[in-house]
Each structure stands twice: as structure tokens, then as C-alpha cells.
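Residue numbering restarts at 1 for every chain, and letters A, B, ... go by the order of the sequence lines.
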Amino acid sequence: MASLAARNGGSRRDQRPLKKRLADASAPYLYSAPALILIVTVMLVPLVLGISYAFRDIQLLNPFSGGFIGLDHFKTLSQDQNFYRALKNTLWWTGWSVLLQFVFGLILALLLDKPFYGRAIVQALVFLPWAVPSFLAGLNWAWLFNPVVGPIPHWLFALGLMSEPYNILSDPQLSMWGPIIANVWWGIPFFAITLLAALQAIPRDLYEAASIDGAGPVQRFISITLPFLAPTIAITVLLRTVWISNFADLIIVMTNGGPADRSQIVASYIFTQAFKRLDFGYASAIALVLLVLLITYSMLIVVLRQWLLSKD
Amino acid sequence: MTAKRIASVVAHRLAILAYVAFALFPLYWLLKVSVTPNKLLYSEGIKMWPSRTSFEHFEFVLKHSDFPVFFKNSLIVSGSTAIIVTVLASLAGYAMSRFDFRGKYWIVTLMLLTQMFPLVMLVAPIFKILSPLGLTNSLTGLVIVYTAFNVPFATFLMQSFFDGIPKDLEEAAMIDGATQFVAFRQIILPLTLPGIAATLGFVFTAAWSELLFSLMLISGNDAATFPVGLLSFVSKFSVDFGQMMAAGVMALIPACLFFLLIQRYLVQGLTAGAVKG
Amino acid sequence: MASIDIAAIHKSYGIHPVLHGIDLEIKDGEFVVLVGPSGCGKSTLLRMIAGLEAVTDGEIRIDGKRVNDLAPKDRDIAMVFQSYALYPHMSVAKNMSYSLRLRKTAKEKIASVVASAATKLGLDPLMERRPKALSGGQRQRVAMGRAIVREPKAFLFDEPLSNLDARLREQMRAEIKKLHQDLGATSIYVTHDQIEAMTLADRIVAMHGGIIQQVGSPLELYDNPANLFVAGFIGSPGMNFFEGRYLATGDTANFALTGGIVLPLGGTAKLADGSRATLGIRPEHVILGAEGPDTMMATVDLVEPTGFGIIVHLKLGPVAFKAFTLDRRFLGMHGEVAVKLPVPNLHFFNEEGRKV
């Protein structure tokens, strides 16, 4: 009896009138159409166009440009010392920014996880930098590093770390650290908020059970907190890495890649090529390389994740 | 309380204090310099608070500079972007939350991808596309670009808010005699209002902060947004620190207001943003 | 009030069939309970009647009128949800009057109808509160109030009591029954709780695997279950089952349990000699401390006092079963006890699980 019914049920035709079925099926597409059209025309089309630029000579100020030049840009690129430095700087910038944001963000999250008087206000205050527009954060820190109006060079001088108060942003050896510090200041809240949410999702009774079993605070952290946070940490760090490596605002505002391209990262180098030299072709070629690198990185992560999952 | 416990509490509070100081100090300094009279700016350079304060910089910026125009432009661009994005994202987010349809997987993938690739790639092509349409150097052009950039993230955010509203409520309304649209308007929308406000806030803040595309697309003062104006001001009059910081404080105000508005939704926004990366 | 006819209803999600041809006629004013384990399709059926799920095949008629393609709002039915689905941004009064306001009913009429429903349900002092400020039982009442103000053709209940604690559930169960007696409205009630089904229903529809297993009055299902599923589902503690082989020997018959023990039946059943079958008996029918012929010695495993009675877990060889008794003598029982399975209370199920 059951098998008979199953056979009937499986091959039933939908009885609704055609018009109603069409209306039902198209509803979600109608709802999402405006958003999709916009995304396709303003993001996908330019993306494809940008990839084609990488193989063309496109200079805004040169009316005779526009021709197809094959791999010329990439040949130039392979000899461009500034590009290699920008590549190295990107690693430096991304690595330190993510590491410091994560470490300080985690500590802040742990501090805020404990209830104390005035926690809500403290939370609002320490998360405030996240709301500061990135260009303003950049300018703000640039001013703090400026010996004319900023206190930091004077403090470093007073501590004996500097021979005289000067601006580290104009020091070729140190200029990269200015934007990194601004980025850490600006990005700590992101990590803290995400990790705090993950911390608060850990069932409290686990800690109680562990205490009863005789675990001290350090053991509780290692055996409960860390394993629970691990997935959040992994995904946040990985995604944030991609995001920060593309994040050029602070560098453009604070050092503009200078002095002498010493603090240029790939993303800001692309912007400089497009914005200052108006060489869209070359800018797009660099952008394509960056895209390929990021895709490779993402693939690596996907593979790594698969491997880790299969190990369990 | 044992001594050890007291010590740990004190250490905890001190650490918190250090964080608060680190977070607020730059903003405090911005405010301090903006109210320091020019005469004292150099003589009392690194004093924590000037011996005399004045609003002369604010007065100058408001009366004799283009900043009110920049401010207005930024308000128009960010406000329009926030409203348009929220409308589009509500529709798309509703579809994502309430329907199970074949194209959903592809739409989500597309939206995720747009959040992963470097937007700086699009600077040149977008300029080339908008320029013949007369949309460079125009606020409309900026609104279109910002709307597209923010729609995917806002869609994920709105979807999470819609997901939080039980489907039963809509069904109850439909049994009570409402059409699907009436149920959406009278039941779902009022309940999503906080979410809509949060989305408005997130998008407004994002549009208010955007730098690269406005630098690229805007050249004249008439259509300059706040970041563009402030940066050109910095490169032109790099000695008028007081005025620049006064302008900076002004740029900070709307962002902080919206931060207060969306504070409660930060986690939700950032989880949608974790997708965003 | 209305009758509801369900004819050859099928439902599938994609290629997954959920309901395999349901036929059911519900009379005007009847209280019908759909009961079954989760995933049996009872909620889907209810939601199809409400118009919340599309009908794949078959026909639903309310008062003789086909409603398959009618929107929920045009079917004139009311529904009480498991989650209550009260509108959180409206007061109790606004929740209850929402449907009337959507129908543009006159204000005075709304006021009087809502007031009388509120009085009936004891909600008068709560009318201006928001659902958040109500207890579970109060929310439940508001959900019912929202349904009755409309005087709909039928009430649908989707596990309305499962979010309440045991005592409140008992109380609301009685209130729902009283309400039905007052209003006499056609009601369809979905639950997985067989006690709710037994106490509320005029007729119970037992469902399993997308198929109706048995339809009948509560006692019919209890006394005369059509198959193994119904026998096992209705009643608590559940019916004991013994698997084995039916052995006819002239006037009397025996039942050989898997495990070697042979039960003398003292009568016959409509089963072929030597066929595999299942024997069922309700725990309260097992006689403990029996004397005379046809008794067997069973081992006492565990004694569970429920206060009202005693559940005794027994073992007959390797086969476990339960007995229920009101006799407190058996509280301290251990070791072995003589049991008897009286023939009139035995149920026989053939190899396909159907009752014979």
C-alpha cells in the first residue's frame, strides 16, 4: 500500500493554474531584481572591462591610446621594482595589521566578557574608533605623528627613542608603521566585537563543569575558550586578511605611498597609477595580478579547510 | 575578598582603562587642537589642554571655506545611498529569507564574490563608463556607485533581520485576512524597523567614509564630498591645523551619531560583514 | 460553521512525497483531532486546509466549495499556532481585532465582539498589554480570542498546547473543550500528544507516514486499534507486543513467543496455523498475582510507582513487557510473579501488522 502511494505521490503533476504558478515562481526574482541589476552593471561589467584594460594601452590624457597591446603591461610589470616593493609591503602591512588587530581585539574581548560596572559605556567608547571614517582616522593619526601639532614625536623624544622629534611618516624606514598603527587602532573593535559575540555564545555551564572538575583559569581558557573561538578566529582572520590587503585608504591619506614609494602597497599603487598617472591600462594590469594572487590565497584556504575537515 | 582577587580586579580595570584611553586619545586630540586658538597652537603644542579655548576655527571653516558645501554634498550622497540601498536590500533580503528558489545559491555566490574582490580594480573602468554619461563629477554618479557597492552587504544584513521574524506571524496575518503584501507592510515591516534603521546607519557610515571613488570621480569643488574636500584642504593649506581639525570634528559628528544608532546591531552587522570580509 | 471534505489529497515537496492520498470528511460542528508522530504529515494537511501550503493533487472543499486555489484570507477559517504567532507590536485588543479591522467591520461591532470574547476568556484586564508582557497561558488565550472573534467557518489548531507546562496544558485542554461545547464550531486539531487526542476529539484521525491509519472515536481507537501503529501510539504506558507464531490445536490455541515460551490462549483467533503474528495487550489488562490455569511466571525487573498506580516492568524469558495495576500490594514486589493475559483483552495482528 505504501509503495503504491509513493509511486502516485512522486509523479503527481502540480495542479495550480499556470498563471499562479508563474507568479509564485517569479516572486523572489522580482524582489531581488533591482539589487541584482545594479550589482551586475556597476560591479560585474566594470570588472570584465577592467580585465580587458590590462591588455590594452589606456591612458586618459592620450587620445591616441586604446589599442590592444597584448602582454606589454605585464612585461613592464615584471621589471617594475616599485611593484615588487609594493608586493613586499602588502605582506608586511597585512601581516602586522591583522596580527596586532587580532591580538589586541582578543584581549579586549576577554576583558569585556567579564561583567563590571559601566560595561555598556566602556563598550561603546572602545568600539567608537570603528565608526570613525577611515580617511579621518588616517588624517587624525597623521596629525598625531606630526611634530608640529602631534604629541607622539615629542613623547618618543622624551623617552629617548628619538634623537629629535620628527615625523616617522617621512622616514623611509619607518613610514609603513604609521598607517599600520592607525589601522590597528581602527580595526581592533572589529575583532573585539566579533570575538566577544563568540565568547558570549559559549555556554556558561561548561566553565562551571570545568571548575568542578578542577580546571584553573588557564586550563579553562585553553580547553574551553580557545576551541570554541577557533572557528570564529579562523574565519575572521582569513577574511580580514583579504580585506586589509585591499585596504588602501589609510596609506593614501597618511603617506600617499611615500616617501619615495616606500610605504606603497599593491592596492594603493593601483590607485596611484589610475588616479595620478591616469594610466588605466597599467593600473588594470596590476589589479589583475592582485586579483589572481587573492584568488590563489582564497583557493589555498578552501583547500586547507577541506584538508582539515577530512582529517577529523 | 582575597588580595589575589583584588589584584586581578585592579589589573582588569587598569587594562580596560588603557584601552579606553587608546581608543579615545586621537579623537580627544582632534577636539583639543580644533578649540586651541592659533596663537597657542605652537607655544602650547603638546599640552593636554590649552590655557584658553576658542571656536575661531569652527567659525572660519563654517563662514569662509567650502566645507559647508562639502558637508551638504556628503549628506546628500550618503543619505540618498542609505535610503536607496535600504529599499533595494529590504526587497532582496526578504526574497532571500522567505523564498526557496533555484537561483538563490547563485545570487548569494555573486553577492559574496562582489565582497571579496578588490574594489580598487574598478576605479578605472567605472571612471571610463561614467565619464561619457556625464556622471563623473556628479553626486548622482557617486550615489549609483555607492549603492551598488553597499547593496550586497545590506542584503545579508536585512536577510538576518527578516530571518529573526517568525514566518508564523505572516501566516497568521494571511489567515486573518491579509494579502502577502499587506502582511509585509502591516506586520513584517513594523517589526523590522530597528533592522531598517541599523541598515540605514551602516550604509550611511560606509558612504560617508568612502574615499577612493570620490577622489577619482569628483574633481571640482561643487560636487566634492567631505573626504575629498578635507584632503584637498590638507594638501593646499597644510599649516592651518586648527581649521583642518575643526573640519575633521565636523566630519566626525554624523558618523558618531549613526554609530550610536547602530551600536546595538554591531554584532549582527559584523556577522553579516564577516561574510563581507 | 461548515463541513470540510478532503478528497484524495497528495502533497510532495519536489520529488519527496509527504501525503499519499488522504480522504476525510469532517462534519459540521465536529471536533476532529489529527494525531501522529512528528513528520507524519498531520501539520502539512492542516496547513493545506488553511491555504498555507499548495495542494499537489486532490481537492479540499469547505461547505462543498472547492478551495484549492483560494488564498488563506478567502477561506474564512481561523488558526491557532503552536507559537501563538501574536503580533508583538500590537496590544492584546489590537491582536484580537486585527482580522475584523482588515475586513473593515464597523467599529462598534468590533468593540462588542472583542469585549465579549475577552470576557469569555478572562482577558479583560489584559487588553492593553503587549504579548511580551503576558504569561504563556495568557498568550494562548489571546491566540484563541483572535480566532473566535471572527466567527469563522472552522477553527484549525496546530499543536496549540505544546509550549505550555504540564499543569497549564491540562487546564487549557479543558478550556478548549468547553469552548467547543459553547460554540459548536467545526474544529481540526493537530497534536502528537495522544492524551490530548483522546480527551478532546469527537473523532481521532491517526496518521503515520503520510497515510491515515485509522479514523474513529477515541474509545474505538483505544479498544479496537486497526493496526500495530495505532495500538502502539494510543495509550500510556503503551500496549505490550509479543512477537511469535500462532499455533492452533483444535478448540484452543497457543502462541509461541520468539524465545521459546508458549502462551496458552484458551481460545482461537482468525489466524492460520503456524503463521507469524504479533500479540498485543494493554498493561492494565495484565493480571498480576493470578491463580488458576493459564498463568505464567514472570520475573520482576523494576517497579515504578506513579502515585495513581504502579507500573511493573516484567520479563517473560527474554521478552520484556509492562503491567499496570492500582493495587499497592505490588509496590514491594521482587523475584517472580504469576501473571495472566486474559484472552478477551488480547489483540492479534497479522504479519502485515493489521488487526485480526
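In this structure, chain A has a heavy atom under 4.5 Å from the side chain of B/Leu119, while its backbone stays farther away. In this structure, the portion of B/Phe202 lying under 4.5 Å from any heavy atom of chain A is its side chain and not its backbone. Contacts between B/Ile16 and chain A at a heavy-atom distance below 4.5 Å involve backbone atoms as well as side-chain atoms. Heavy-atom distances place both the backbone and the side chain of B/Thr114 under 4.5 Å from chain A. For a residue to count as touching a neighbouring chain, one of its non-hydrogen atoms must lie under 4.5 Å from one of that chain's; by this rule A/Tyr53 touches chain B with the side chain only. Looking at A/Leu111, the atoms closer than 4.5 Å to chain B (heavy atoms on both sides) sit in the backbone and in the side chain alike. At a 4.5 Å heavy-atom cutoff, the contact between A/Ala267 and chain B is made by backbone and side-chain atoms alike. Heavy atoms closer than 4.5 Å to chain B are found in both the backbone and the side chain of A/Val126. For A/Phe247, no part lies under 4.5 angstrom from a heavy atom of chain B. Both the backbone and the side chain of A/Leu108 come within less than 4.5 Å of a heavy atom of chain B. Residue contact with chain B, scored on non-hydrogen atoms closer than 4.5 Å, involves the side chain of A/Ile58 exclusively. In this structure, the portions of B/Val120 lying under 4.5 Å from any heavy atom of chain A include both its backbone and its side chain. Heavy atoms closer than 4.5 Å to chain A are found in both the backbone and the side chain of B/Thr147.
Your options are B/Thr155, B/Ile262, B/Leu110, and the one with the most heavy-atom pairs under 4.5 Å with chain A is B/Leu110. Looking only at heavy-atom pairs under 4.5 Å with chain A, the residue among B/Leu130, B/Thr205, B/Val145, B/Ile129 that has the most is B/Ile129. If you tally non-hydrogen atom pairs under 4.5 Å between each of A/Ala142, A/Ala287, A/Pro28 and chain B, the highest count goes to A/Pro28. Top candidate by heavy-atom pairs under 4.5 Å with chain A, chosen from B/Leu212, B/Leu252, B/Ile126, is B/Leu212. Among A/Thr232, A/Leu110, A/Leu36, the residue making the largest number of heavy-atom pairs under 4.5 Å with chain B is A/Leu36. The greatest number of non-hydrogen atom pairs below 4.5 Å with chain A, out of B/Thr36, B/Leu260, B/Ile107, B/Val87, is found for B/Ile107. Most heavy-atom pairs under 4.5 Å with chain B: of the set A/Ile286, A/Ile252, A/Leu30, A/Ile193, this distinction falls to A/Ile193. Listed options A/Leu112, A/Leu136, A/Leu196 were ranked by heavy-atom pairs under 4.5 angstrom with chain B; first place goes to A/Leu136.
The two residues B/Ala255 and A/Ala131 come nearest to each other via the heavy atoms CB-O, 3.5 Å. For the pair A/Asn146 and B/Phe241, the tightest heavy-atom approach, listed with the atom from each and the gap, is ND2-CZ, 3.3 Å. The two residues B/Leu91 and A/Tyr31 come nearest to each other via the heavy atoms CB-O, 3.2 Å. Closest of all the heavy-atom pairs between B/Cys256 and A/Leu128 is SG-CD1, 4.0 Å. Residues B/Ser209 and A/Phe135 come closest through the heavy atom pair O-CD2, 3.6 Å. When all heavy atoms of A/Ala274 and B/Met216 are compared, the closest pair comes out as O-CE, 3.6 Å.
Rounding to the nearest 0.5 angstrom, the gap separating the OG atom in A/Ser284 from the NZ atom in B/Lys128 is 10.0 Å. Put simply, CG on A/Leu139 and CG on B/Leu30 are 9.0 Å apart, with the number rounded to the nearest 0.5 Å. The distance from atom OG of A/Ser134 to atom CD of B/Glu210, rounded to the nearest 0.5 Å, is 8.0 Å. Between atom CZ of residue B/Phe101 and atom OG of residue A/Ser26 there is a gap of 11.5 Å, rounded to the nearest 0.5 Å. Note that the CG atom of A/Asn140 and the CG atom of B/Leu31 stand 10.5 Å from one another [nearest 0.5 Å].
Identified by a heavy-atom distance below 4.5 Å to chain A, the contributing residues of residues 17-24 of chain B are B/Tyr19, B/Val20, B/Phe22, B/Ala23, B/Leu24, in residue-number order. Taking non-hydrogen atoms and a 4.5 Å limit, the residue list of residues 290-299 of chain A in contact with chain B, ordered by number, reads A/Leu290, A/Leu291, A/Leu294, A/Ser298.
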From CA spacing to verdict: side-chain contact (heavy atoms from CB on, under 4.5 Å), A/Val149, B/Met245: CA-CA 10 Å; A/Val149 282; B/Met245 298 211 190; 3.9 Å; yes
Report the C-alpha separation of B/Arg102 and A/Tyr29 in whole Å, then their side-chain angles, then the decisive distance to 0.1 Å, and conclude whether the side-chain contact (heavy atoms from CB on, under 4.5 Å) test is met. CA-CA 10 Å; B/Arg102 215 170 289 171; A/Tyr29 295 100; 3.9 Å; yes
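Counting heavy atoms from C-beta on, the side chains of B/Leu215 and A/Phe271 come closer than 4.5 Å. Using a 4.5 Å heavy-atom threshold, the side chains of A/Ile270 and B/Pro118 count as separate.
Taking the six-membered ring where tryptophan is involved, the planes of B/Phe259 and A/Trp130 are tilted, since the angle between them lies from 30° to 60°. Aromatic ring pairs are classed by plane angle as parallel below 30°, tilted from 30° to 60° and perpendicular above 60°; the pair B/Phe25 and A/Trp155 is tilted.
In the displayed structure, A/Ile121 atom CD1 is contacted under 6.0 Å by at most 12 heavy atoms of other residues, nucleotides or ligands.
With sequence neighbours excluded, no residue forms a salt bridge (Lys or Arg N to Asp or Glu O under 4.0 Å) with A/Arg56.
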List the atom pairs, with distances to 0.1 Å, where a side-chain N or O of residues 38-52 of chain A and a protein N or O form a donor-acceptor pair under 3.5 Å, not counting sequence neighbours.
{"from": "A/Thr41", "atom 1": "OG1", "to": "A/Ile37", "atom 2": "O", "distance (Å)": "2.9"}
{"from": "A/Thr41", "atom 1": "OG1", "to": "A/Leu38", "atom 2": "O", "distance (Å)": "3.3"}
{"from": "A/Ser52", "atom 1": "OG", "to": "A/Leu49", "atom 2": "O", "distance (Å)": "2.7"}

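In this structure a side-chain-to-backbone donor-acceptor pair under 3.5 Å is missing from A/Trp143 to B/Val33.
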